[in-house]
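Beneath this line is the structure, given in structure tokens, with notes to follow.
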Amino acid sequence: GFTGTIGPKPDSVPVVRSTVNMYEGLSLDLNPASPGPVKVSPDGRYLAFTATDSGGVNMLYVRALDDPEPQLIAGTAGAAYQFWSPDSRSLAFFTDSGNLDRVEITGGPVVTICKADNGKGGTWGEDGIILFAPNHVAPIHRVSADGGTPEPLTDLKSDSEVRSHRFPVWLPGGTHFLYIAVGRAGAGSGRVDSSLRLAAVDG
């Protein structure tokens with residue numbers, strides 16, 4: 001019968017089911033002090049995560065979806081909140097020594113991009129610009145993935161009911177991004193209100 005389309009039927013997208021096996025002695029920890037969320041690479045071929053070893057040290061691991069074993073990325077002790085480069089060849093991550101670093105997943109030297117004393121999420125754009133939260137009481141900043149001096153992008157001073165902007169995510173096109181605005185805790189209530197926001201790079 002007729003399908004109403006011209007040309008060959010497009011290939012169906014395969015379903016991927018994956019289990020990340022931990023080496024003995026490793027554990028994932030989603031506590032904010034030791035974050036280990038799994039991040040899928042933009043090309044869909046790799047998983048990246050931080051895991052804690054038996055000595056309590058966070059390290060960065062990458063697992064190809066066609067390989068059952070995760071691979072340790074050397075030189076990444078203290079890694080947290082990792083995020084992928086657009087070409088899926090590198091990872092940026094925050095360190096417990098107060099830096100935003102980058103490393104190629106095939107190995108090589110770890111390169112410091114800039115200082116970030118308590119990083120709370122980042123995103124790496126197609127044009128080589130990284131948006132990130134340098135600490136838990138800061139606005140979103142931007143910096144070149146090649147390094148440099150970060151500059152604030154969002155305005156926290158005029159955001160009186162908010163104590164920080166966190167976890168930016170670039171949207172396609174490189175002109176807009178999402179982020180989380182974390183509200184100030186109510187007096188003695190222990191409650192924190194957060195909201196998801198859309199922002200433009202040009203303000």
Side-chain angles (χ1 to χ4, degrees), residues 31-42 46 48-52 57-62 72-159 162-182 197-203:
N31 184 299
S34 314
V38 176
K39 292 292 182 75
V40 181
S41 63
Y46 300 95
F49 57 92
T50 54
T52 308
V57 178
N58 286 356
M59 299 286 282
L60 187 56
Y61 294 81
V62 170
L72 169 66
I73 306 297
T76 61
Y81 291 126
Q82 74 286 348
F83 54 97
W84 286 97
S85 64
D87 62 9
S88 302
R89 295 179 181 175
S90 300
L91 284 159
F93 58 96
F94 300 96
T95 72
D96 58 7
S97 57
N99 291 329
L100 173 59
D101 288 351
R102 62 181 285 181
V103 66
E104 293 187 11
I105 64 171
T106 54
V110 174
V111 177
T112 295
I113 298 170
C114 64
K115 298 298 291 183
D117 57 356
N118 186 19
K120 297 299 180 186
T123 182
W124 191 331
E126 294 282 350
D127 58 358
I129 299 299
I130 286 175
L131 306 183
F132 71 105
N135 60 58
H136 62 292
V137 288
I140 303 300
H141 284 60
R142 65 177 157 192
V143 68
S144 169
D146 294 325
T149 301
E151 59 180 13
L153 190 58
T154 57
D155 183 6
L156 192 58
K157 290 181 181 178
S158 64
D159 214 352
V162 169
R163 65 186 172 102
S164 71
H165 298 159
R166 305 183 186 185
F167 304 111
V169 177
W170 277 115
L171 294 176
T175 60
H176 291 77
F177 62 98
L178 301 173
Y179 69 93
I180 298 290
V182 179
R197 292 182 176 175
L198 169 68
V201 175
D202 62 3

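In this chain, numbering begins with 1 at the start of the sequence shown.
Between Gly122 and Phe94 the shortest heavy-atom distance is N-CE1, 4.2 Å. The two residues Phe83 and Tyr81 have their closest heavy-atom pair at CD2-O, 3.5 Å. Pairing each heavy atom of Phe177 with each of Leu153, the nearest pair is CE2-CD2, 3.6 Å. The two atoms that bring Pro109 and Val103 nearest to each other are O-CG2, 4.0 Å, heavy atoms only. The two residues Lys115 and Ser97 have their closest heavy-atom pair at NZ-O, 3.9 Å. Residues Val57 and Gly78 share a closest heavy-atom pair of CG1-N, 4.3 Å.
Atoms CD1 and CD1, on Ile73 and Ile105 in that order, are 6.5 Å from each other to the nearest 0.5 Å. Interatomic distance, CG of Asp101 versus OG1 of Thr95, reported as 5.0 Å (0.5 Å rounding).
Side chain of Trp170 to backbone of Glu126: no donor-acceptor contact under 3.5 angstrom is found. In terms of modelled atom types and a separation under 3.5 Å, the side chain of Gln82 and the main chain of Leu60 share no donor-acceptor contact.
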Can I get a per-line list of side-chain donor-acceptor pairs under 3.5 Å for residues 130-145, giving both atom names and the distance, sequence neighbours left out?
| from | atom 1 | to | atom 2 | distance (Å) |
| --- | --- | --- | --- | --- |
| Asn135 | OD1 | Val137 | N | 2.9 |
| Asn135 | OD1 | Ala138 | N | 3.2 |
| Asn135 | ND2 | Asp117 | OD1 | 3.3 |
| His136 | ND1 | Asn118 | ND2 | 3.0 |
| His141 | ND1 | Pro139 | O | 3.0 |
| Arg142 | NE | Glu151 | OE2 | 2.7 |
| Arg142 | NH2 | Glu151 | OE2 | 3.3 |
| Ser144 | OG | Asp146 | N | 3.1 |

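With Pro42 as reference, Ser88 is the one residue of Ser88, Ser85, Pro86 to meet the side chain to side chain contact (heavy atoms under 4.5 Å, CB included) rule.
Remark: Ser164 engages Arg166, Val182 in a side-chain contact (heavy atoms from CB on, under 4.5 Å) (not counting sequence neighbours). Contacts of Asp96 classified as side-chain contact (heavy atoms from CB on, under 4.5 Å), with partners at least two apart in sequence or in another chain: none. In this structure Asp159 satisfies the salt bridge (Lys or Arg N to Asp or Glu O under 4.0 Å) test together with Arg197, sequence neighbours excluded. Taking Ser158 as the reference, Asp155 meet the side chain to side chain donor-acceptor pair (under 3.5 Å) condition, with sequence neighbours excluded.
Residues Val162 and Leu156 have side chains in contact (heavy-atom distance under 4.5 Å, counting atoms from C-beta outward). In this structure, Phe93 and Thr50 have side chains that are not in contact, with every pair of non-hydrogen atoms separated by 4.5 Å or more.
For the salt bridge (charged side-chain N to carboxylate O under 4.0 Å, His left out) condition, no pair includes a residue of residues 167-182, sequence neighbours left out.
Between Tyr179 and His165, the ring planes are tilted. Angles from 30° to 60° get that label.
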Can Arg102 and Leu91 be said to form a side chain to side chain contact (heavy atoms under 4.5 Å, CB included), step by step? CA-CA 6 Å; Arg102 62 181 285 181; Leu91 284 159; over 6 Å; no

